[in-house]
Amino acid sequence: MKITASHTNTHQYKNSLSQNNEQAKMPRHEKDNVSFGFSGIAGAPVAIMDTIARGGVCATFCIQDFFGLICPRIATGFFRNKDITHEYNYAEAAEVSIREIATGPPMFIIPMVGLAMFKRFIGKACDVPTDFIKGLGHIYQGNVALQDGSAEALKRLFYPHVISEALKNATNGELEGDALKAKTAEFLDAILKIEDSKPKSIWKKIRNIEMPESSTDKMGALVNKFVELGKQHTEKAASADFHSAKLVVKGEPIKCTFEQLLAHMKNFTEDMANVVHKNGTGHDIVSKFVKNRVVMRNTTNAALMLAVIAFCLKIPSMYQLHKVNPGLKGLIDDNEPANNRPNTIKTTQAPVVSKPLIPQCTQTAAALAQPAPVTAPTVQYISIVQPPNVNVYLAPFKAGDLLSQCQKAKEEVMSS
């Protein structure tokens, strides 16, 4: 009985390992659809986070920033000092709305718009990392004969060399010969069809609506083929990164996801075809192109970074949309002149007068006491220049009261 039980447990353990290994091999987009037993309200948070993640980095940031930070801050501003004023603070809520909405999404919008302009007026290779510009240029020079043709014709000449290199590295060199050529032709045909298709809208992408004819779904299917191909030729499947595509250029590997590789390859080839069409097919045209695009790529990065920094420097001005901070409503005297309001706070705390302030405090109080006597109901707000390392609390005092307080403080200091 003990042997049978041990055998049964061992068999169950092996099945568990097998299931875990199969799930580790599973393509990323299929993992998102794995059911963990949550349903109804219990599964709502998981479904919501999956929906947000499908929108990409930009959509994920904007959605989480809006509901996690912007909305709570607007609500806080809306109820600011309601316990004092007994009314909602619409001005504070409006100012917070403008400030928060204007400072979040632009962190993504500015680089996106700037990069689109560089790609439009300089070249699409500005969106390709420098190591891939150099790597793809090296592959181009060694395998493709320069000719003044269309971008589509150049793709059919250049793409197979890049795809073949990526597939060979994904299979640890096991895929070769006629099998490699056949698989390369299959991937080439699928890639060209993807480029001819329209992408899925962001709304349908977030809602995970299937559109088999869209470039989005076709790309997902091709990525799955790439992943499956890597599994078939990798022993340690659970620990391998099947989504990464690797090119080896001059003995140095450069890596990115397979989807990113296709995007880099497309931008590089279309930009290269445009340059060849304009400048001819000189022997050194590729070398000049590679050097120029490396410089422009670095220039693009620096320009986008400076644009974002310049915007960040303008953010503090958005905290001063009104002459008087609406967040102080209920804490300041509305009858006071506008230039005194930000520095005049209602408080009953007595002023703290230190020794360096006694002469100045006495002179200020005496100057106020010289005009006609101040009646009891009248309140004057006195601003005192604050020396370094001295805390001064401004509070409403009648001139006579302040003079007596200063004299008393002076006597205490002198006696000590």
Side-chain angles (χ1 to χ4, degrees), residues 56-58 111-112 114-170 183-202 205 213-227 243-247 249 254-278 285-286 289-290 292-294 296-297 300-301:
V57 177
C58 182
M112 290 172 61
L115 183 58
M117 293 178 64
F118 272 92
K119 290 175 65 177
R120 173 67 178 83
F121 296 105
I122 303 298
K124 292 186 177 181
C126 291
D127 193 19
V128 180
T130 55
D131 53 350
F132 277 92
I133 294 176
K134 296 176 182 178
L136 293 174
H138 180 75
I139 296 174
Y140 189 101
Q141 283 181 306
N143 298 282
V144 181
L146 287 173
Q147 58 179 347
D148 187 4
S150 64
E152 286 70 21
L154 187 58
K155 289 176 182 179
R156 290 189 175 276
L157 291 173
F158 178 54
Y159 279 11
H161 299 285
V162 181
I163 297 170
S164 176
E165 178 73 12
L167 295 180
K168 183 172 65 175
N169 293 326
K183 188 62 67 174
T184 299
E186 178 185 344
F187 271 68
L188 174 63
D189 183 61
I191 292 170
L192 295 177
K193 288 181 179 179
I194 290 173
E195 294 183 358
D196 291 336
S197 303
K198 294 182 178 180
K200 190 187 297 185
S201 67
I202 185 65
K205 186 176 180 181
E213 296 303 317
S214 67
S215 61
T216 307
D217 286 4
K218 288 180 179 179
M219 178 63 74
L222 186 62
V223 170
N224 288 343
K225 285 185 178 181
F226 181 79
V227 171
H243 291 268
S244 292
K246 182 176 68 173
L247 301 179
V249 180
I254 51 176
K255 297 177 63 177
C256 64
T257 66
F258 183 67
E259 187 172 353
Q260 289 174 338
L261 175 63
L262 300 187
H264 298 335
M265 187 171 61
K266 178 177 182 293
N267 288 327
F268 178 90
T269 307
E270 291 181 355
D271 199 358
M272 185 68 205
N274 186 44
V275 170
V276 170
H277 180 71
K278 289 182 179 179
I285 187 68
V286 179
F289 172 80
V290 170
N292 177 270
R293 289 303 181 261
V294 168
M296 293 311 303
R297 169 67 179 186
T300 301
N301 291 340

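If you read the sequence from its start, that first residue is 1, and numbering goes on from there.
- Scanning both residues, Ala125 and Phe289, for their nearest heavy atoms gives CB-CZ, 4.2 Å.
- Glu152 has its side chain out of reach of Leu192: every pair of non-hydrogen atoms, C-beta onward, lies at least 4.5 Å apart.
- The distance from atom OG1 of Thr184 to atom NZ of Lys168, rounded to the nearest 0.5 Å, is 10.0 Å.
- Put simply, the side chain of Leu247 reaches to within 4.5 Å of the side chain of Leu261, judged on heavy atoms.
- For the side chain to side chain contact (heavy atoms under 4.5 Å, CB included) test, residues two or more places apart in sequence or in another chain that qualify with Asp127 are Leu115, Lys119, Asn267, Arg297.
- The side-chain heavy atoms of Lys134 and Val249, taken from C-beta on, include no pair separated by under 4.5 Å.
- Between Phe258 atom CZ and Met219 atom CE the span is 7.5 Å, to the nearest 0.5 Å.
- Val290 approaches Ile133 most closely through the heavy-atom pair O-CG2, 3.9 Å.
- The distance from atom CZ of Phe132 to atom NZ of Lys255, rounded to the nearest 0.5 Å, is 10.0 Å.
- Nearest heavy atoms, Leu136 versus His264: CD1-O, 3.9 Å.
- Under the 4.5 Å side-chain criterion, counting only non-hydrogen atoms from C-beta, Glu213 is not in contact with Lys198.
- With sequence neighbours excluded, the residues satisfying side chain to side chain contact (heavy atoms under 4.5 Å, CB included) with Lys266 are Lys124, Lys155, Tyr159, Glu195, Glu270.
- Within the 3.5 Å criterion, the main-chain N or O of Glu165 finds a donor-acceptor partner in the side chain of Asn169.
- Note that the CG atom of Asp196 and the CD1 atom of Ile191 stand 12.0 Å from one another [nearest 0.5 Å].
- For the pair Phe268 and Arg293, the minimum side-chain heavy-atom distance is 4.5 Å or more.
- Side-chain contact between Leu262 and Leu222: present, with at least one pair of heavy atoms (C-beta onward) separated by less than 4.5 Å.
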List the steps and the verdict of ring pair (Phe, Tyr, Trp, His ring centres under 6.0 Å) for Phe158 and Tyr140. CA-CA 7 Å; Phe158 178 54; Tyr140 189 101; 5.3 Å; yes
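- Nearest approach of Ser215 to Pro199, heavy atoms of both residues: OG-CA, 3.0 Å.
- The two residues Ile254 and Gly135 come nearest to each other via the heavy atoms CD1-CA, 4.3 Å.
- Heavy atoms only, all atoms of each residue included: Ala151 and Ala273 are closest at CA-CB, 3.8 Å.
- Put simply, the side chain of Thr216 gets close to the backbone of Lys200: a donor and an acceptor are under 3.5 Å apart.
- Atoms CE and SG, on Met296 and Cys126 in that order, are 5.0 Å from each other to the nearest 0.5 Å.
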